[in-house]
Chemist: 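I'd like to ask some things about the structure below.
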Protein chains: 2
Amino acid sequence: MTLVDVAKVAGVDLSTVSRLLRDDRAASYRPETRARVLAAAEQLGYRVNAQARALRLGRQDSIAILVPDLDNFGFTAVLRGVQEACEEAGVTLLISEIGSSAPERTDRLAALAGRVDGVLVAHAQDTDTALQAWLDDIRLPSVFVQRSIPGASVSVLFDEENNAAAMVDHLVAMGHRDIAHLSGDLSTDTAKRRKVGFDSAMAAHGLSIPRGRRADGGWNIEGGRAAAEKLVAGRKRPTALAVDSLVQAIGMLGALHAKGLSIPDDISVITIDEHPLAAHTTPPLTTVYLDQRELGRRAATALLDWVDGTPAQNLIVESPSDIIDRGSTAPPVAQ
Amino acid sequence: MTLVDVAKVAGVDLSTVSRLLRDDRAASYRPETRARVLAAAEQLGYRVNAQARALRLGRQDSIAILVPDLDNFGFTAVLRGVQEACEEAGVTLLISEIGSSAPERTDRLAALAGRVDGVLVAHAQDTDTALQAWLDDIRLPSVFVQRSIPGASVSVLFDEENNAAAMVDHLVAMGHRDIAHLSGDLSTDTAKRRKVGFDSAMAAHGLSIPRGRRADGGWNIEGGRAAAEKLVAGRKRPTALAVDSLVQAIGMLGALHAKGLSIPDDISVITIDEHPLAAHTTPPLTTVYLDQRELGRRAATALLDWVDGTPAQNLIVESPSDIIDRGSTAPPVAQ
DNA sequence: CTGTTAGCGCGTTCAG
DNA sequence: CTGAACGCGCTAACAG
């Protein structure tokens with residue numbers, strides 16, 4: 001099932017088979033030859049050898065995406081968008097989980113480097129110098145997805161300030177004035193930008209943010225829970241909670257329920273990120289919808305273009321920041 | 001940064017470099033040569049070209065795992081176990097989502113075939129003949145993970161009958177006699193085997209399963225919700241619900257809450273699958289713990305061994321079926 | 001329109 | 001202990 005085999009069966013040269021099977025349109029072969037070759041290939045079940053092809057062409061037709069945590073369902077929509085774009089481009093996608101800076105991470109990255117034409121990065125803390133060093137080292141095109149590292153590669157981002165502001169606007173429109181911000185991991189720029197957006201929006205409404213009204217929820221369930229506990233611990237609770245991610249919101253719900261708080265009667269909550277799960281929590285969560293799928297598509301496309309020779313540029317993907325209202329917010333009541 | 005480059009810098013033949021860098025121990029080279037080569041490699045930042053190596057050796061040092069749905073957090077622990085095993089073996093893992101039988105799935109599969117030495121399959125409905133055909137076609141070692149197709153390849157499974165029985169035993173021990181089974185997709189053998197286990201366990205306790213006490217929840221949130229609605233719709237509710245997966249349990253919670261049922265006061269619930277999420281639902285869920293990570297490891301190891309020449313055998317991974325009691329079950333009360 | 005030829009980078013005999 | 005030479009399967013000139 002190699003080119004020579006097919007050529008032998010078809011009674012032509014292997015280069016003819018190679019061209020015929022690939023270009024198809026380009027060369028107008030004699031119908032007879034064409035038929036013979038196609039028949040032989042079919043009969044033998046011929047498949048090009050991806051490795052030989054990669055070796056010859058110096059390109060892999062495959063890219064990788066580095067994700068922090070496969071458990072994080074806040075990110076699957078992005079993955080799906082990336083998959084789609086890759087599919088359309090006929091490129092294989094390699095998904096790799098690279099959690100914390102474990103030592104074996106280096107090996108995984110090293111193995112990856114030789115197998116792909118470029119890499120998408122969905123994992124980046126400002127301090128992750130090891131990752132940055134690796135990216136420099138491999139000299140492959142790389143694009144950060146919904147993350148960015150200062151002074152580093154290209155990024156495809158949402159307007160996160162806008163997203164955070166959307167939460168504030170929604171809550172203020174309901175009459176809230178004492179709003180707490182359950183932030184994502186503040187060592188990531190995504191969380192930083194949302195913080196800025198939150199603060200600006202509050203200021204725009206003439207509201208201040210007293211001490212104790214922000215907590216870092218670390219982008220995970222447990223962090224969200226701990227942060228929520230802190231935010232509602234004081235004598236005077238905020239009347240509403242704006243949460244940076246759905247994953248953290250899950251933890252928050254646990255904390256609020258444990259404390260016997262009823263949503264939205266005692267406290268309103270809203271979160272960024274949309275996922276099937278949001279419709280099935282208790283209560284269902286009002287969310288800021290982000291088109292993560294589109295973000296994934298755009299990031300993948302940018303990377304693929306870069307691989308093809310067109311350097312990618314930083315890109316902000318417009319997202320409607322639409323509110324999906326599932327009733328977890330309501331006007332505040334006097335405590 | 002190829003072998004020749006290193007050889008040139010080190011002033012030796014490229015074959016020397018090749019041996020030295022790989023065997024290391026095998027050949028006892030002159031320390032001097034050794035040092036020169038290593039230094040040159042280091043200096044040039046040499047990396048073997050995975051493609052050339054694969055072409056030469058006829059092996060990719062990489063395997064793929066086919067998953068139905070990356071959104072399904074019930075499966076990430078398996079993935080993690082697989083990743084670990086691959087890491088230890090120095091093998092690259094290719095994760096690929098192959099949802100329904102979309103037409104583009106074929107392309108994705110075809111591209112995969114040339115890049116891996118074998119494939120793990122975590123997606124299998126008895127009726128998925130296209131997938132089966134592909135597996136036959138590629139003639140690569142393949143192992144099914146927590147799934148099996150009748151008469152097909154090798155499987156690495158849990159004792160699912162035992163797992164379902166664990167739910168029944170726990171509930172019966174609490175005093176329940178009227179237990180409903182919210183099953184997984186009954187076209188998958190996993191669900192079928194759990195059904196058998198559930199029924200046997202009930203029979204062993206001298207309990208029967210009246211009509212309307214089982215519903216197919218399709219392995220997803222929405223299916224779980226719909227099935228739960230059906231199960232508690234009748235005049236006389238069951239006193240307890242045994243759910244086949246955490247994902248479905250999420251949907252179930254939504255349904256029960258919407259109906260105003262309180263857990264475990266009005267109805268007890270228990271589910272198979274452990275995940276961080278289970279500790280943070282309302283209420284937290286009592287679960288049957290499965291060592292999915294170990295399952296993943298074993299499956300990956302079996303496949304890797306097969307790739308190395310030792311055909312894999314069907315394998316049942318012992319799992320303790322331990323109950324993690326988070327209080328979502330309680331003795332039944334008269335209605 | 002089709003065959004010939006020359007590598008892509010590497011691992012492996014076989015000599016020496 | 002090290003070098004020389006071949007070929008894995010494929011593509012892209014270049015002939016014819």
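A, B, ... follow the sequence lines: proteins, then strands. Residue 1 opens every chain. In what follows, every heavy atom counts, from backbone to side chain, and hydrogens, waters and symmetry copies are set aside.
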Chemist: Considering only heavy atoms, which members of residues 9-18 of chain A lie under 4.0 Å from some atom of DNA chain D?
Modeler: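 By residue number: A:Ser15, A:Ser18.
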Chemist: Counting only side-chain N and O atoms of A:Thr33, is one of them less than 4.0 Å from OP1 or OP2 of C:dC1?
Modeler: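 A:Thr33 to C:dC1 OP1/OP2: no side-chain N or O under 4.0 Å.
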Chemist: Nearest whole angstrom, please: distance from the C1' of D:dT2 to the CD of B:Glu32.
Modeler: 13 Å
Chemist: Keeping to residues at least two apart or across chains, list the salt bridge (charged side-chain N to carboxylate O under 4.0 Å, His left out) pairs with something in residues 37-47 of chain B.
Modeler: A:Asp137-B:Arg47
Chemist: Tell me the ring-ring contact (aromatic ring centres under 6.0 Å, His included) pairs involving residues 290-309 of chain B, sequence neighbours left out?
Modeler: none
Chemist: What residues from residues 39-51 of chain A pass a heavy-atom cutoff of under 4.0 Å to DNA chain C?
Modeler: none
Chemist: Rounded to whole angstroms, how far apart are CZ on B:Arg56 and P on C:dT13?
Modeler: 8 Å
Chemist: Return the set of residues passing salt bridge (Lys or Arg N to Asp or Glu O under 4.0 Å) with B:Arg297 (not counting sequence neighbours), or none when no residue passes.
Modeler: B:Glu84, B:Glu88
Chemist: If you look at every strand shown and take non-hydrogen atoms under 4.0 Å, does B:Leu55 touch a base, only sugar-phosphate, or nothing?
Modeler: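 Touches a base.
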Chemist: Considering residues at least two apart in sequence or located in another chain, which fulfil the side-chain contact (heavy atoms from CB on, under 4.5 Å) criterion with A:Ala41?
Modeler: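 Testing A:Ala41 for side-chain contact (heavy atoms from CB on, under 4.5 Å), a comparison that skips the adjacent residues, returns A:Val6, A:Leu21, A:Tyr46.
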Chemist: Listed by chain and number, what are the side chain to side chain donor-acceptor pair (under 3.5 Å) partners of A:Ser155, not counting sequence neighbours?
Modeler: none
Chemist: B:Arg53 has a side chain; which of C:dG11, C:dC1, D:dA12 sits nearest to it?
Modeler: C:dG11
Chemist: Per the atom types in the model, does the base of D:dG3 pair as donor or acceptor with the side chain of B:Arg19 at under 3.5 Å?
Modeler: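 A donor-acceptor contact between them is present.
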Chemist: Separation of A:Gln60 atom CD from D:dC10 atom C1', in whole Å?
Modeler: 14 Å
Chemist: What is the separation between atom CG on B:Leu21 and atom P on C:dT12, rounded to the nearest whole Å?
Modeler: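 Interatomic distance, CG of B:Leu21 to P of C:dT12: 14 Å.
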Chemist: Take atom CG of A:Leu3 and atom P of C:dT5, then tell me their distance rounded to the nearest Å.
Modeler: 17 Å
Chemist: Please identify each residue that fulfils side-chain contact (heavy atoms from CB on, under 4.5 Å) with A:Arg139, with sequence neighbours left out.
Modeler: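 If we apply the side-chain contact (heavy atoms from CB on, under 4.5 Å) test to A:Arg139, skipping adjacent residues, there are no hits.
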Chemist: Quick one: side chains of residues 61-77 of chain A, donor-acceptor pairs under 3.5 Å with protein atoms, not counting sequence neighbours, listed by atom name and distance.
Modeler:
| from | atom 1 | to | atom 2 | distance (Å) |
| --- | --- | --- | --- | --- |
| A:Asp61 | OD1 | A:Arg59 | NH1 | 2.9 |
| A:Asp61 | OD2 | A:Arg53 | NH1 | 3.4 |
| A:Ser62 | OG | A:Arg115 | O | 2.9 |
| A:Asp69 | OD1 | A:Asp71 | N | 2.8 |
| A:Asp69 | OD1 | B:Arg80 | NH2 | 3.2 |
| A:Asp71 | OD1 | B:Thr76 | OG1 | 2.4 |
| A:Asp71 | OD1 | B:His275 | NE2 | 3.1 |
| A:Asp71 | OD2 | B:Arg80 | NH1 | 3.3 |
| A:Asn72 | OD1 | A:Gly74 | N | 2.8 |
| A:Thr76 | OG1 | A:Phe73 | O | 3.3 |
| A:Thr76 | OG1 | B:Asp71 | OD1 | 2.4 |

Chemist: Among all residues two or more places apart in sequence or in another chain, which pass the side-chain contact (heavy atoms from CB on, under 4.5 Å) test with B:Asp185?
Modeler: B:Gln125, B:Ser187, B:Thr188, B:Asp216, B:Trp219
Chemist: For the helix from C:dC1-D:dG16 to C:dG16-D:dC1, how many degrees between its two end axes (five pairs per end), to the nearest 10°?
Modeler: 40°
Chemist: Hey, are the side chains of A:Val317 and A:Leu157 touching, using non-hydrogen atoms and a 4.5 Å cut-off?
Modeler: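 The answer is no; the side chains never approach within 4.5 Å.
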Chemist: Test: side chain to side chain donor-acceptor pair (under 3.5 Å). Region: residues 4-17 of chain A. Which pairs qualify, not counting sequence neighbours?
Modeler: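 As it turns out, the side chain to side chain donor-acceptor pair (under 3.5 Å) pairs with a partner in residues 4-17 of chain A, which skip direct neighbours, are A:Asp13-A:Ser15, A:Ser15-A:Arg19.
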Chemist: Expressed in angstrom and rounded to an integer, what is the separation of B:Lys8 atom NZ from C:dG9 atom C1'?
Modeler: 13 Å
Chemist: Are a donor atom and an acceptor atom from the side chains of B:Ser148 and B:Asp189 found within less than 3.5 Å of each other?
Modeler: yes
